[in-house]
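See structure below.
Chain letters run A, B, ... following the sequence lines, proteins first, then strands; residues in each count from 1.
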Amino acid sequence: MTAPAGPVRTRFCPSPTGTVHVGVMRAALYNWAYARHTGGQFVVRIEDTDPARNTLESERHLLDCLRWLGLTWDEGPEVGGPHGPYRQSERSELYQDVAAKLLASGHAYESFSTNEEVDARRRAAGQDPKLGYDNADRFLTDAQKSAFRAEGREPVLRLRMPEEDLAWTDHVRGEVRFAAGAVPDFVLVRGNGTPLYTLVNPVDDALMGITDVLRGEDLLPSTPRQIALYRALTDIGVATGTPRFGHLPLVMGEGNKKLSKRDPQSNFDVYRDRGFLPAGLVNYLALLGWSIAEDRDIFSPAELAEAFDVDSVSANPARFDLKKAEAINATHLRALPVEEFLTAVTPYLVGAGLVADPPTAEQAATLGAIAPLAQERMIVLSDAVGLLGFLFTEDVEIDPAAAEKQLGAGAGEVLDAATAALQALPEWTTAAIETALKEALVEGLGRKPRQAFGPVRVAVSGRTVSPPLYESMELLGRERTLTRLAAARGTATG
RNA sequence: GCCCCCAUCGUCUAGCGGUCCAGGACGCCGCCCUUUCAAGGCGGUAGCACGGGUUCGAACCCCGUUGGGGGCACCA
């Protein structure tokens with residue numbers, strides 16, 4: 001059992017059905033990283049053989065997610081390549097041809113049994129019907145086949161499984177072995193003549209020269225069937241060998257279950273929408289089953305590609321930990337050059353209606369000034385909306401919880417003193433504001449800084465968390481600052 | 001039920017027979033810094049599932065137990 005010769009060729013072959021799953025994107029990432037690491041190629045193929053569930057819209061979305069993450073493909077939809085088409089719905093003739101060859105060579109055979117009949121036979125023999133198909137149609141005579149056809153039955157095509165153990169050396173699990181006879185002859189082509197995933201996936205991998213199949217562990221039990229198919233395909237000259245397999249650990253959710261499509265945490269879009277950085281998400285996703293070094297877990301996509309090796313992927317299932325994902329992303333966010341940060345964050349402010357598209361000169365100036373201060377206080381880009389919103393509106397809306405905390409007893413005194421000090425200020429600069437407020441509140445009222453500045457912050461920004469106060473006030477301007485202090489004074493209870 | 005996979009701090013992991021009374025990260029808890037929140041600095045908390053072997057020596061190898069997970073379609 002040898003893999004096709006030549007450079008590594010990996011593939012990502014999603015079925016475009018609805019939402020994009022984070023586990024699926026992690027599989028794409030590993031395939032991409034392994035191809036890049038080895039100097040091989042990364043192929044994308046769309047598995048849309050189920051017209052009832054597949055849509056072009058979700059295909060576009062899938063590709064868009066790949067691009068956004070930075071996982072460029074060397075062959076596939078939208079870029080083409082020598083092994084196209086890369087959409088299974090456009091490859092029907094190929095499958096029909098291979099199916100015919102498999103039948104003619106005797107590797108596959110026509111099977112007429114219905115599920116009910118198989119079940120009945122299993123039960124009659126005192127066996128568990130869960131055992132599945134019993135290989136009963138392997139040696140049907142022509143007369144028997146004609147009789148079934150005369151009844152109006154249309155046969156499925158099944159692969160004849162070999163009478164020997166099927167084993168392979170898995171990239172992440174080492175040797176895996178399934179006993180002879182454990183896997184029944186399985187269906188390759190439906191009764192209506194359309195091919196199934198079981199046929200189409202290995203055929204395309206063979207035709208596209210895929211050398212390494214890296215996929216989720218949930219597909220591990222289907223590997224013996226595929227190995228048997230590959231042998232048959234090699235025998236009839238369709239394949240040049242059996243690829244190496246690597247079964248990646250599953251991505252688990254909160255509980256102890258595979259992160260299901262139903263789970264909101266599994267939806268890739270939510271991370272993108274919240275403003276995770278591609279590099280941040282790549283970094284975190286890569287960590288789900290792999291590590292770059294003993295004492296390091298922050299790295300760029302390029303560094304990942306440089307270092308990634310499937311053979312060192314862990315076999316343990318990995319739980320998706322949002323807190324850690326956020327921490328990793330925050331680190332990437334802070335490391336971003338200010339210009340790039342601005343470019344990335346502006347669409348979120350535009351989307352929230354806080355700044356114009358493009359921002360006005362004044363808005364741009366404010367943004368430029370606050371960006372470095374905001375950057376280290378954010379986890380995801382959308383945090384900017386709540387954190388910076390107060391700078392781009394006339395009247396700030398005060399968060400009730402913040403008011404509760406800071407605008408209660410004693411706040412009136414602070415706001416009055418701050419107002420008096422700021423009104424008299426000859427020049428409106430960060431330094432002047434700082435000096436004036438410290439004199440008025442800390443020295444004048446004898447308050448601890450914590451108590452002195454809390455109410456002022458809430459009055460000005462509407463929240464207990466904001467960019468540094470003096471800078472914020474300078475950017476806001478004297479007029480708006482004083483208006484807000486007055487407004488807060490009106491609601492303060494003491 | 002059958003087949004297969006997995007088993008180190010709460011979580012992700014390093015460890016591939018001695019250099020491990022087990023290292024890093026997230027989280028959590030302190031302290032420092034400090035105008036809030038962060039960031040940053042320092043420190044702490046917490047783990048080799050269990051039982052047998054093999055070996056001079058086991059987190060690392062073997063077997064079993066237990067626990068967890070995945071798969072058993074004319075879906076992909």
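Both A/G289 and A/R177 sit near RNA chain B, but only A/R177 has its closest nucleotide nearer the 5' end. Heavy-atom nearest nucleotides on RNA chain B were determined for A/A315 and for A/C13, and the one closer to the 5' end corresponds to A/A315.
With respect to the salt-bridge test (charged N to carboxylate O, under 4.0 angstrom), the residues A/K324 and A/E326 do not qualify. Checked for salt-bridge contact, A/R138 and A/D185 meet the test: a charged N lies under 4.0 Å from a carboxylate O. Contact check on A/D48 versus A/R53 returns no salt bridge, with no Lys/Arg side-chain nitrogen under 4.0 Å from an Asp/Glu carboxylate oxygen. Salt bridge status for A/E294 with A/R296: absent, with no side-chain N to carboxylate O gap under 4.0 Å. In this structure, A/D119 does not pair ionically with A/R122, as no charged nitrogen and carboxylate oxygen lie closer than 4.0 Å.
With A/H247 as the partner, the side-chain hydrogen bond (donor to acceptor under 3.5 Å, both in side chains) test is satisfied by one option alone out of A/R215, A/H171, A/R173: A/R215.
For the pair A/Y284 OH and B/rC26 C1', the interatomic distance rounds to 9 Å; values are reported in whole Å. Rounding to whole angstrom units, CG of residue A/L469 and C1' of B/rU34 are separated by 13 Å. Rounded to whole Å, atom C1' of B/rG71 lies 9 Å from atom CG of A/D218. With rounding to whole Å, A/I298 atom CD1 is found 13 Å from B/rC12 atom C1'.
Within the 4.0 angstrom heavy-atom criterion, only backbone atoms of the sugar-phosphate kind lie near A/V187; the bases stay farther away. Residue A/A327 is classed as a sugar-phosphate contact, given heavy-atom separations below 4.0 Å to backbone atoms only. When heavy atoms are screened at a 4.0 angstrom cut-off, A/Y470 is found touching base atoms of the nucleic acid. Residue A/R377 is classed as a base contact, given a heavy-atom separation below 4.0 Å to a base. As judged by a 4.0 angstrom heavy-atom cut-off over every strand, A/G132 is placed among residues making no nucleic acid contact. Within 4.0 Å (heavy atoms only), A/L441 reaches no atom of the nucleic acid at all. Using a 4.0 Å heavy-atom criterion, one finds that A/P468 contacts the bases of the nucleic acid, with or without backbone contacts as well. Within the 4.0 angstrom heavy-atom criterion, base atoms lie near A/Y197. Among the protein residues, A/T464 comes within range of the nucleic acid bases, having at least one heavy atom under 4.0 Å from a base atom.
Checked by distance alone, A/R296 brings no side-chain donor or acceptor within 3.5 Å of a matching partner on the base of B/rU13. Contact of A/R457 with B/rU35 (side chain to base): a donor-acceptor pair of N or O atoms is detected under 3.5 Å.
For the C1' atoms, the distance from B/rG15 to B/rC48 is 10 Å, rounded to whole Å. Of the P atoms belonging to B/rA59 and B/rC20, the separation is 13 Å, rounded to the nearest Å. Rounded to the nearest Å, the gap between the P atom of B/rA73 and that of B/rG10 is 38 Å. Of the C1' atoms belonging to B/rG47 and B/rG24, the separation is 14 Å, rounded to the nearest Å. The C1' atoms of B/rC33 and B/rU19 are separated by 38 Å, rounded to the nearest whole Å. Across B/rG30 and B/rA46, the matching P atoms stand 16 Å from one another, rounded to whole Å. Only the P atoms considered, B/rG1 is 26 Å distant from B/rA49, to the nearest whole Å. The same atom, C1', is picked in B/rC26 and in B/rG67; the two are 25 Å apart, to the nearest Å.
With distances taken from any side-chain atom of A/P221 to the nucleotides B/rG1, B/rC75, B/rG70, the minimum falls on B/rG70. In this structure, the nucleotide among B/rC6, B/rC26, B/rG69 sitting nearest to the side chain of A/K323 is B/rC26. Out of B/rA39, B/rG24, B/rC6, the shortest distance to the side chain of A/R334 is found at B/rA39. Relative to the side chain of A/D321, the nucleotides B/rA25, B/rG10, B/rC5 differ in distance, and B/rG10 lies closest. Taking every side-chain heavy atom of A/P449 into account, B/rU35 is the closest of B/rC4, B/rU35, B/rC26. Relative to the side chain of A/L219, the nucleotides B/rC3, B/rC74, B/rA76 differ in distance, and B/rA76 lies closest. Candidate nucleotides B/rA14, B/rC37, B/rC5 were compared by shortest atom distance to the side chain of A/V465, and B/rC37 ranks first. In the set B/rG71, B/rG27, B/rA39, the nucleotide with an atom closest to the side chain of A/E376 is B/rA39. If you check B/rG70, B/rC4, B/rG1 against the side chain of A/D128, the one that comes closest is B/rG1.
Between A/R319 and B/rC12 there is a side-chain N or O to OP1 or OP2 distance below 4.0 Å. Between A/N115 and B/rC74 there is a side-chain polar atom (N or O) within less than 4.0 angstrom of OP1 or OP2. Contact between the side-chain N/O atoms of A/K438 and the OP1/OP2 oxygens of B/rU35 is found at a separation under 4.0 Å. For the OP1/OP2 pair of B/rU36 and a distance below 4.0 Å, the side-chain nitrogens and oxygens of A/S461 include no atom meeting the criterion. In terms of phosphate contacts, A/R190 brings a side-chain nitrogen or oxygen within less than 4.0 Å of OP1 or OP2 of B/rA76. Checking the phosphate oxygens (OP1, OP2) of B/rU8, a side-chain nitrogen or oxygen of A/N316 falls inside 4.0 Å.
Side-chain contact annotation: A/R274 with A/S382, donor-acceptor N/O pair under 3.5 Å absent.
The closest donor-acceptor contact from the side chain of A/Q375 to the backbone of A/L333 lies under 3.5 Å.
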